[in-house]
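Every value quoted in this text rests on a predicted model; they were computed, and no experiment measured them. Below, read A as the first sequence line, B as the second, and so on, with proteins coming before strands; counting in each chain starts at 1.
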Amino acid sequence: MKPFGSLRTHGAGSLRAAHADETVTVAGWVARRRDHGGVAFLDLRDASGVCQVVADPTASEALAAAHDVRGEWVIRVSGRVRLRPEGMANPSLATGDVEVAASELEVLSPADTPPFPVADERDDVDEAVRLRHRYVDLRRQGPARALRLRARATSTIRRVMDAHGFVDVETPMLTRSTPEGARDFLVPTRTGPGVCYALPQSPQLFKQLLMVGGVERYYQIVRCFRDEAQRADRQPEFTQLDIEAAFIDEEDLYALVEELMGVLMSEVVGVEVATPFPRLAYDDAMARFGTDSPDMRFGLELVDCGAVFADTAVGVFAGALNAGGSVIAVMLPGGGQLTRKQFDEWVDWAKGRRARGLAWGVVESGEGGVTLRSPLSKHMSDDEIAALLRITGAEVGDAVFFGAGPTEFTRELMGALRVALARAHDLVPSDQWRFVWIVDWPLFEWDAEEGRWESLHHPFTAPREADLDKLSGEPEAVRARGYDLVLNGTELGGGSMRIHHPQVQQQVFEILGIGPEEAEEKFGFLLRGLRHGAPPHGGIALGLDRLVMLMAGEASIRDVIAFPKLSGSDPLTDAPAPVGGEQLREVGLRPLSMGT
RNA sequence: GGACCUGUGGAGCAGCCAGGAGUGCUCACCUCCCUGUCAAGGAGGAGGUCGCGGGUUCAAAUCCCGUCAGGUCCGCCA
């Protein structure tokens, strides 16, 4: 195929001084027009960029056509490329040294007035408006770049995976609903009333069966579906880079993913990241950062103050500690500059996250030395203050925030505070790329509400060999062969070495409260597969949208998806939409009467 | 499911706290003028159920209640 197609000879953005005196044909959208009556300038935009077209009375038909043209019309222009007159070059344009002197100007498509400014690069148009007219929005520089960056990323991924002998295999989109996990999207069919396909939340079981099937190395860039509340980094349909390999262990997987990320960062972002990536135990991540996806680009780590306040007279601290909870501090360097009002706002912020409160103190130099100015300081002993300053490293002019309460809750609260403080005080270096593996996960966690054990990752995660004997007696002590990959505080994805013994799988199901019959009914195809010679295997699933979002420097995965959904619906098509009674009847459904 | 924020010509905002005529700004749109602009310039013009419903009031974009839509966060997301 010709580089720019048969309808034109050059890309608008490709013209340079070297093209001077060539006769070219360019085609694209009218980005701007500057009509002086006797001469008219049009900025012509296509995928390659923008160039200036000039029409003057030497070609009166072209000039007349240029008068009538409007923004976003699609036009084709033939003419001679010429160097702009002395002093008229536009250095802010790649094509700014030249212009196309139109001899012919043809309107290929007129266009309605754009619903919002296209040429304007300010990103302040309401997102719902942009997405309703996404076909216009995609012409803008930001979205256009994001799509192309995403394409470069997927292309690079395929090249690296192919080079390692991975086989790209497609797995079904119409599959069966599985228990646990997120809500499924259901697809009723005319097969029978009450019978539904489900869209896959991930190809997890299929990729394991591919391992049983001897594929050995599988990958897929695959759409996944989860019917859950949306967030800035969540969509009902999203894309995973799904990877699985046989006869490997964790180290093989880490090395592969680190190589892949290194190549991606280098080729797509132009950044060299150091490998191997650091590894952080789950427990340490929770203790130091209050989250399983820590942002390692800045400090402000959580400090456990339990020892400092073991015998404290501060009521809320003593209460938390006596109840088996924790007192956790976050030290904000220079935080002494915060006003009382600002501290109060942080207290409100904490209360908004269901915390009972948030304590704070400012380190100051007083008569007898260093003191802590705080609503709580009159209850604190000098020894406590001294110890506190020692373990937090706080100095004069710094502030210390305290959370007190149940350990897990307080860690997560202070972890969120750490991130919020860092952002509010501009302590997050935006040019750093900190990957970290989170390892040593527990296999199960206790769901107090439901009164049962749940998989922290998923039920097919292998327990550590050494912990196998604990499966029956103490599930809480069983460690998983799982791992998450985190980049700059965003969970890119996770994976594990899988269970390849049907007996172990059966045992895990039992702990999760899935009896043999239910297991056979829901996962029979997996269990049968595992009985037919399953190699040791494992893999990972990485959120492609999130990865591309970070690489593109965007704030939402919606920015790197061609046609994203807003909360609950597709702004472009207005899906989901009602379907007719006949269509419903065919799939065995009847509309519920509305009301009540 | 919950909390908070937002909703004003096509786009982005101000007006709201402290009620007084749809008042204002930037851009876009339409007509005319204009031969070197690049966010072109000049003159004129059109375009509104102030998200929707109710209440208070002599009077509501403004105050109150409800509701809808979108966003962010919490819950949820193996």
Query - Donor/acceptor link under 3.5 angstrom from Gln230(A) side chain onto base of G70(B) - result: no
Query - Pairwise 5' ranking along RNA chain B for Val129(A) and Asp43(A), keeping only the more 5' one - result: Val129(A)
Query - Check ion pair Arg134(A)-Glu127(A) (N to O, under 4.0 angstrom) - result: no
Query raised in the report: Can we call the ring centroids of Phe225(A) and Phe238(A) under 6.0 Å apart?
Result: no
Requested in this report: Select one nucleotide: of A40(B), C77(B), U37(B), the one nearest the side-chain heavy atoms of Arg234(A).
Outcome: C77(B)
Query raised in the report: Just one of Glu345(A), Lys351(A), Arg353(A) clears the side chain to side chain contact (heavy atoms under 4.5 Å, CB included) bar with Trp349(A), so which one?
Result: Arg353(A)
Query raised in the report: Of the candidate nucleotides A40(B), C76(B), A11(B), which contains the atom at the shortest distance from the side chain of His36(A)?
Result: A40(B)
Query raised in the report: What distance, rounded to whole Å, do you find between the two C1' atoms, one in A46(B) and one in U31(B)?
Result: 10 Å
Report summary line: Pairing partner of U67(B), by Watson-Crick or G-U wobble and under 3.5 Å for both distances, is G51(B)
Query - C1' gap between A40(B) and C33(B), integer Å - result: 14 Å
Query raised in the report: Can a donor-acceptor pair under 3.5 Å be found between the side-chain atoms of Arg82(A) and the base atoms of G36(B)?
Result: yes
**Report entry** Between P of U72(B) and CG of Asp559(A), the distance in whole Å
**Finding:** 10 Å
Query raised in the report: Would you say the base of C34(B) and the side-chain of Arg34(A) have a donor-acceptor pair closer than 3.5 Å?
Result: no
**Report entry** Geometric cation-pi criterion, Arg423(A) with Phe298(A): 6.0 Å, 45°
**Finding:** no
Query - Residue Asn90(A), side-chain atoms from C-beta onward, closest of G36(B), C38(B), G71(B) - result: C38(B)
Report summary line: What one should report as the nearest heavy-atom pair of Ala281(A) and Asp440(A) is CB-OD2, 3.9 Å
**Report entry** Asp233(A) or Arg183(A), whichever maps to the more 5' nucleotide of RNA chain B
**Finding:** Asp233(A)
Query raised in the report: What integer number of Å spans the C1' atoms of A61(B) and C50(B)?
Result: 4 Å
Requested in this report: Give the nucleotide from the list G12(B), G36(B), C76(B) with an atom nearest to the side chain of Met88(A).
Outcome: G36(B)
Requested in this report: Please check the phosphate of C74(B) (OP1 and OP2 only) for any side-chain N or O of Arg231(A) closer than 4.0 Å.
Outcome: yes
Report task. Using the C1' atom on both, measure U37(B) against G19(B) and round to a whole Å. Result -> 49 Å
**Report entry** Between A60(B) and A18(B) - C1' atom distance, rounded Å
**Finding:** 14 Å
Report task. For Pro57(A), report the nucleic acid contact type (base, sugar-phosphate, nothing); a contact means any heavy atom under 4.0 Å. Result -> base
**Report entry** Gap between atoms CG and P, on Asp126(A) and G51(B) respectively (whole Å)
**Finding:** 14 Å
Query raised in the report: Would Asp283(A) and Arg479(A) count as a salt bridge (charged side-chain N to carboxylate O under 4.0 Å, His left out) if you check the C-alpha gap in whole Å, the side-chain angles of each, and the deciding distance to 0.1 Å?
Result: CA-CA 11 Å; Asp283(A) 286 341; Arg479(A) 296 275 143 175; 3.4 Å; yes
Query raised in the report: Where the side chain of Ala232(A) is defined as all heavy atoms beyond and including C-beta, which of C73(B), G12(B), G70(B) is the nearest nucleotide?
Result: C73(B)
Query raised in the report: Starting at CG of Leu417(A) and ending at C1' of C74(B), how long is that distance when rounded to a whole Å?
Result: 16 Å
Report task. Using the P atom on both, measure G51(B) against G15(B) and round to a whole Å. Result -> 15 Å
Query raised in the report: Looking at G71(B), A11(B), C38(B), which one has an atom nearest to any side-chain atom of Gln52(A)?
Result: C38(B)
Query raised in the report: Quick one: Phe41(A) CZ to G41(B) P, roughly how many Å, whole number?
Result: 14 Å
Query raised in the report: What's the closest nucleotide to the Arg84(A) side chain, out of C74(B), C76(B), C38(B)?
Result: C38(B)
Report task. Any strand is fair game: report the nucleotide pairing with A14(B) by Watson-Crick or G-U wobble, both distances under 3.5 Å, or none. Result -> U23(B)
Query raised in the report: Contact class for Glu445(A) vs. all strands (heavy atom < 4.0 Å): base, sugar-phosphate, or nothing?
Result: nothing
Query - Identity of whatever pairs with A43(B) - Watson-Crick or G-U, under 3.5 angstrom - result: U31(B)
Report task. Quick one: label Pro115(A) by what it contacts on the DNA or RNA (base, sugar-phosphate, nothing), any heavy atom closer than 4.0 Å. Result -> sugar-phosphate
Query raised in the report: Rounded to the nearest Å, what distance is computed from the CD1 atom of residue Ile557(A) to the P atom of nucleotide G71(B)?
Result: 13 Å
Query raised in the report: If you look at every strand shown and take non-hydrogen atoms under 4.0 Å, does Leu456(A) touch a base, only sugar-phosphate, or nothing?
Result: sugar-phosphate
Report summary line: Of C73(B), C76(B), C34(B), the nucleotide closest to the side chain of Arg353(A) is C73(B)
Report task. To the nearest Å, give me how far apart CG (Asp124(A)) and C1' (C25(B)) are. Result -> 15 Å
Requested in this report: Please evaluate the base of G71(B) for a donor-acceptor partner in the side chain of Arg558(A) within a cut-off of under 3.5 Å?
Outcome: no
Query raised in the report: Can the ring centres of Trp446(A) and Trp453(A) be said to be less than 6.0 Å apart?
Result: yes
Query raised in the report: Rounding to the closest angstrom, what is the interatomic distance between G53(B) and A11(B) at atom C1'?
Result: 28 Å
Report task. With P as the reference atom in both, quote the distance from C34(B) to A43(B) in angstrom, rounded to an integer. Result -> 16 Å
Query - A69(B) phosphate, OP1 or OP2, under 4.0 Å from Ser567(A) side-chain N/O - result: no
Query - Nearest-angstrom distance from the residue atom CG of Leu83(A) to C1' of G36(B) - result: 15 Å
Query raised in the report: With respect to the side chain of Phe116(A), which nucleotide from C76(B), G36(B), A11(B) is positioned closest?
Result: A11(B)
Query raised in the report: So which nucleotide from C73(B), C77(B), G75(B) ends up closest to the side chain of Arg226(A)?
Result: C77(B)
Query raised in the report: Could you walk me through whether Leu443(A) and Arg481(A) pass the side-chain contact (heavy atoms from CB on, under 4.5 Å) check?
Result: CA-CA 8 Å; Leu443(A) 191 59; Arg481(A) 294 182 66 185; over 6 Å; no
Requested in this report: Look through every strand shown and name the nucleotide pairing with U62(B) as Watson-Crick or G-U wobble, where both distances are under 3.5 Å.
Outcome: none
